[in-house]
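Predicted, not measured: the structure shown is a model, and the values here were computed from it. The chains referred to below are lettered A, B, ... by the order of the sequence lines, with proteins before strands, and numbering in each begins at 1.
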2 protein chains.
Amino acid sequence: MAATLRDVADRAQVSIRTVSNVVSGYEHVSEKMRERVTRAIDDLGYSPNPIARTLRTGKTGLLSLVVPEIDVPFFSELARAVIDEADALGFQVMIDQTGHDHERERQLLRSGARRNLFDGMLFAPLATQDELSDLEASDTLPLILLGEHVFDGRFDHVAIDNVQAAHDATTHLLERGRSRIAAIGAQPKETYATPLQRSEGFRLALEEHGLEPVTALQMDAPHYGRADGYAAATALIEQNPGLDAIFCYSDLLAMGAIRSVFDAGLRVPDDIAVIGIDDIQEGRFSRPSLSTVSLDTPYIARTAVERLAARIEDPDVPANEVIAPHELIPRESTQG
Amino acid sequence: MAATLRDVADRAQVSIRTVSNVVSGYEHVSEKMRERVTRAIDDLGYSPNPIARTLRTGKTGLLSLVVPEIDVPFFSELARAVIDEADALGFQVMIDQTGHDHERERQLLRSGARRNLFDGMLFAPLATQDELSDLEASDTLPLILLGEHVFDGRFDHVAIDNVQAAHDATTHLLERGRSRIAAIGAQPKETYATPLQRSEGFRLALEEHGLEPVTALQMDAPHYGRADGYAAATALIEQNPGLDAIFCYSDLLAMGAIRSVFDAGLRVPDDIAVIGIDDIQEGRFSRPSLSTVSLDTPYIARTAVERLAARIEDPDVPANEVIAPHELIPRESTQG
DNA sequence: TTGTAAGCGTTATCAC
DNA sequence: GTGATAACGCTTACAA
């Protein structure tokens, strides 16, 4: 069915080697040959088999992007940027979803079967340090960790300063005169780095303003979806009449929280100000528009893909950690 | 570095054939052999090279999902379902974005290089009939078209009844007593099927209620994003004081339109009712929550992946077209 | 039940 | 500058 190098060679009456040279743009091919081969290629509608090429070269041109769920806006926006960046560098991107499954993340990290299928992996995990701790850098395919800010010299990171981001968001609320501030997004049992760091930033900001973090005002959120934000905010409002602000660890939590405030008959930001983290597109057109801390997904994607490409090129480049910039974006949900 | 079948065979003192048998779960292997081989596999940390396997078998286990933009909620929600379904059937999913680029869609449809990399392709296009018209089913890898409702016996479709969906949305507005109804989402130049069909459904519903579609009330939208909805609605409101409802061809357009209504100092649904199509998650927590026509993405994904798997199994199964169900979901944005 | 060997479509190492 | 030919790691006739 599909034509092979051999078919082209036969038709052009040249050796398979010459055809390969033409296809891969080798310089030293005579004009005559090149033309003859090109014609045969067109006649037969030949295109090279990437699988065979890969078996020979070891390079697939495929990257793996691992995210919890692709339909979470932050991750789909990240994926978009990653795919575009990868495309620019000649890579295609496979998406794996871990669905908040710790075990699945673990598996993906060490599944050797993937070594040969992918040139590298971009990992945006809930992952904890312990998931990586018993992993040698040499055990995995070229790997870039996204988002998590874990101090570990062995792997490349493109991280976010979660402590500072949470601190900035909380400080913004404080500066707007709010003092009974709740936080939504701590994780119940797991020791994921991101929520811990955001809790830390929240606490720090309060203390800087001479406030003591009140345990009752810190709500867990099993996931970071709208429904989780809604449920947590509903409980908070019911139990804390004086509440005047909510800091959510993600924009999606914030969207749910805002809806909950209104369903409780209160207003955002007049009664309760709400701020998130991520700066997903949804928050720019929502009502009220969502104040947030913008994480620079294009920067994260570009840096990560470039870094990964470099590591694929040379596996021995020392691991480094880049902290992506973030920026407070005040919008209506805190302008009260 | 990575161990091969040969290495395992050497270590277990058996032939490569026996190792292969064990790895691929062949039945007739003696217990003794199986154990010896298994031990060697563990010792060496062997896992089979999927690329080599593919070169031999012709099956990659990879599917290609082509969408305009993965960060558009409808497509990320679809992708999530597709990836999950594919996973259940042992496939992994590669994502390609066409970025509304007609030429790129064309390319992806006929790029022969992909024939060997993917077992099949799920295509959620802006695609027009003419993009497919000069394409033989045998030219492409196994292909399922998503969303477009094009009558063409050559390709498998999992389609939406766009005419009926638009009709239902419009009728809902009419039944709520609205009569000066605008529509946002027609496409300027291109002859994409989806907008044409939705325009048709809009027109039909109006006529059934004895109303004449007014050209001035039908707005183009270059893309289907929030910003496009915002811009179109703003223009509509400015030029049509009596407007009492807007039917948007997508939920994202509707989110932008709603914001625009409020920025104009009017209320949804009191002054202007708004309805969309898609039923993205965002619309369930927005304020007001968004009335919409729900497209059953899990159904679409499941049907499409199953169908594709069947076609990969047997390329000669006749093409068929499935119409995915849709359902009107009345929410706050039309309850005035 | 297990071993031997051919071949999937490339690239790359030799010669010439 | 071009032609044979040996891998890449696997599956699968065909033998034994």
Side-chain angles (χ1 to χ4, degrees), chain A residues 1-41 44-62 112-119 141, chain B residues 1-41 44-62 90 111-119 141:
Chain A
M1 181 76 224
T4 76
L5 266 192
R6 164 117 260 131
D7 299 332
V8 177
D10 287 352
R11 182 170 238 272
Q13 302 275 41
V14 299
S15 90
I16 168 177
R17 158 74 200 257
T18 303
V19 179
S20 178
N21 281 344
V22 171
V23 169
S24 44
Y26 186 62
E27 293 194 352
H28 306 286
V29 183
S30 69
E31 218 23 74
K32 197 192 326 181
M33 282 292 172
R34 185 181 300 281
E35 194 175 326
R36 213 158 78 193
V37 169
T38 308
R39 168 113 37 89
I41 288 177
L44 292 163
Y46 166 79
S47 57
N49 181 336
I51 295 294
R53 181 174 281 173
T54 289
L55 182 58
R56 195 47 239 235
T57 63
K59 299 269 167 258
T60 64
L62 263 39
R114 303 161 63 82
R115 279 207 73 107
N116 300 297
L117 187 51
F118 299 110
D119 290 341
L141 62 170
Chain B
M1 182 75 221
T4 76
L5 264 193
R6 165 115 259 133
D7 299 331
V8 177
D10 288 351
R11 182 170 239 273
Q13 302 274 40
V14 299
S15 87
I16 169 177
R17 161 72 202 257
T18 303
V19 179
S20 178
N21 281 343
V22 171
V23 169
S24 45
Y26 187 61
E27 294 195 352
H28 306 288
V29 182
S30 71
E31 219 21 76
K32 196 192 325 181
M33 282 291 173
R34 185 181 299 280
E35 194 175 326
R36 215 158 78 192
V37 170
T38 309
R39 168 111 41 87
I41 288 177
L44 293 164
Y46 167 79
S47 56
N49 181 336
I51 295 294
R53 181 175 282 173
T54 289
L55 183 57
R56 196 46 238 244
T57 62
K59 299 267 168 256
T60 65
L62 263 40
S111 76
R114 304 161 63 83
R115 281 208 72 106
N116 298 297
L117 187 51
F118 299 111
D119 290 342
L141 60 171

From CD of Q13(A) across to P of dG1(D) the rounded distance in Å is 22 Å
Review point. Which part of the nucleic acid does P48(B) contact within heavy-atom distance under 4.0 Å: base, sugar-phosphate only, or nothing?
Key: sugar-phosphate
From CG of N116(B) across to P of dC8(C) the rounded distance in Å is 13 Å
Under 4.0 angstrom, heavy atoms only, what part of the nucleic acid is I16(A) near: base, sugar-phosphate, or nothing?
base
Rounded to whole Å, the CD1-C1' distance (I51(A) to dT10(C)) equals 11 Å
For D119(A) and L141(A): C-alpha separation, side-chain torsions, deciding distance, then whether side-chain contact (heavy atoms from CB on, under 4.5 Å) applies. CA-CA 7 Å; D119(A) 290 341; L141(A) 62 170; over 6 Å; no
Counting distance only, does the side-chain N/O of S20(B) pair as donor-acceptor with the main-chain N or O of I16(B) below 3.5 Å?
-> no
Sugar-phosphate only, base, or nothing, as touched by V14(A) at under 4.0 Å among non-hydrogen atoms = sugar-phosphate
Worksheet entry | N or O in side chain of T4(B) less than 4.0 angstrom from dG9(D) OP1/OP2 | no
L117(B) CG to dG9(C) P, in whole Å, measures 15 Å
R115(A) atom CZ is separated from dG9(D) atom P, nearest whole Å, by 13 Å
- Message: Please determine whether a side-chain nitrogen or oxygen atom of S24(B) lies at a distance below 4.0 Å from atom OP1 or OP2 of dT11(D).
- Response: no
Regarding the side chain of M33(B), the nearest nucleotide among dG9(D), dT10(C), dT2(C) is dT2(C)
Base dT11(D) paired with R56(B) side chain (donor-acceptor, <3.5 Å) = yes
Checking dG9(D), dT11(D), dT2(C) against the side chain of V29(B) (C-beta onward), the nearest is dT2(C)
From CG of D7(B) across to P of dG9(D) the rounded distance in Å is 8 Å
Query - S20(B) side-chain N/O to dT11(D) phosphate OP1/OP2 under 4.0 Å - result: yes
Tell me if a side-chain donor or acceptor on T60(B) pairs with a main-chain N or O of L117(B) at a distance below 3.5 Å. yes
### Any T18(B) side-chain N or O less than 4.0 Å from OP1/OP2 of dG3(C)
yes
N21(B) CG to dC10(D) P, in whole Å, measures 14 Å
| query | So do the side chains of L62(B) and L62(A) get within less than 4.5 Å of each other, counting heavy atoms only? | reply | yes
Comparing nearest nucleotides in DNA chain C, the 5'-proximal residue of the pair R17(B), L55(B) is R17(B)
H28(B) atom NE2 is separated from dA15(D) atom P, nearest whole Å, by 20 Å
Review point. Do N49(A) and T4(A) come within less than 4.5 Å of each other through their side chains, counting heavy atoms only?
Key: no
